[in-house]
Amino acid sequence: MLATLREVLPEKGRAVGAVPGGYGGEVSQEPVAYTDPVEARRYLEETGVDALAVSIGTRHGLHKGPVRLNLPLLEELDQLPVPLVLHGASGLSPEEYRALVARGIRKINLYADLALEAASVLKKVEAEDYLSLMAAMKEGLKDLAMARMRLWWGS
């Protein structure tokens, strides 16, 4: 399937991102499996993807306990010739986000924070019709996304 995407998407002006070895959708309490830089380079050479999701200490979902970011590993991975993506970035501190961006992360996924914000807005809003609820939720999500982007990349 990745080969097919590599053929079709560039024609449509789209990039292809991937995760070496796949990325499970399950939230796990197992130890984090870190990205191997040698394997990542081999994967890039074999697939030709345009962006690479790396594992440096985060995981999908909310974190139970402290996150131990492997910043030296991220610095090594930043030598790869593609933008780096981070999954499971919800709940990190402003300092951690800045450290990630300074060391090469170019796309940050934070679904859990967005889901929590949506739930919070829906609890607070007093509208009863669907369109008003969705409008309020959209505004809350936009505000959170804009605040995070300002934090990560400045105003």
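FYI, side chains are in, hydrogens and waters are out, and symmetry mates aren't considered; it's all heavy atoms of this structure. This is a predicted model, so every value here is computed, not measured.
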- Message: With rounding to the nearest 0.5 angstrom, report the CZ to CH2 distance, R98 to W153.
- Response: 13.0 Å
- Query: Between S120 (side chain) and L116 (backbone), is there a donor-acceptor pair under 3.5 Å?
  - Reply: no
- Measure the shortest side-chain to side-chain distance between I56 and L86 over non-hydrogen atoms and say whether it is less than 4.5 angstrom. yes
- Message: I need the Y97 OH to I108 CD1 distance, nearest 0.5 Å.
- Response: 7.0 Å
Please tabulate, for side-chain N and O atoms in residues 70-84, each donor-acceptor pair with protein atoms closer than 3.5 Å (sequence neighbours left out).
| residue | atom | partner | partner atom | Å |
| --- | --- | --- | --- | --- |
| N70 | OD1 | L73 | N | 3.0 |
| E75 | OE2 | R103 | NE | 2.9 |

- Atom CE in M134, atom CE in M137: separation rounded to 0.5 Å? 3.5 Å
- Item | Side chain to side chain, V54 and V85, heavy atoms closer than 4.5 Å | no
- Given the rule that I, L, V, M, F, W and Y join up when any side-chain heavy atoms are under 4.5 Å apart, are L151 and I105 in one cluster? yes
- Item | Of all pairs that satisfy side chain to side chain donor-acceptor pair (under 3.5 Å), the ones with a partner from residues 133-144, not counting sequence neighbours | E139-K142
- Message: Between L100 and L92, is there a side-chain heavy-atom distance shorter than 4.5 Å?
- Response: yes
- Message: If the condition is salt bridge (Lys or Arg N to Asp or Glu O under 4.0 Å), which residues does R42 pass it with, not counting sequence neighbours?
- Response: E39, E46
- Message: Would a single hydrophobic cluster contain both M146 and L144, if residues Ile, Leu, Val, Met, Phe, Trp and Tyr are joined by side-chain heavy-atom contacts under 4.5 Å?
- Response: no
- Query: Do any pairs count as a ring pair (Phe, Tyr, Trp, His ring centres under 6.0 Å) and have a residue in residues 99-148, sequence neighbours left out, and if so which ones?
  - Reply: none
- Message: Going by salt bridge (Lys or Arg N to Asp or Glu O under 4.0 Å), name the pairs with one or both residues in residues 112-135, residues two or more places apart or in two chains.
- Response: D113-R148
- Any donor-acceptor pair under 3.5 Å from T58 side chain to A89 backbone: no
- For V125, the side chain to side chain contact (heavy atoms under 4.5 Å, CB included) test, sequence neighbours excluded, returns A127, L133, A136
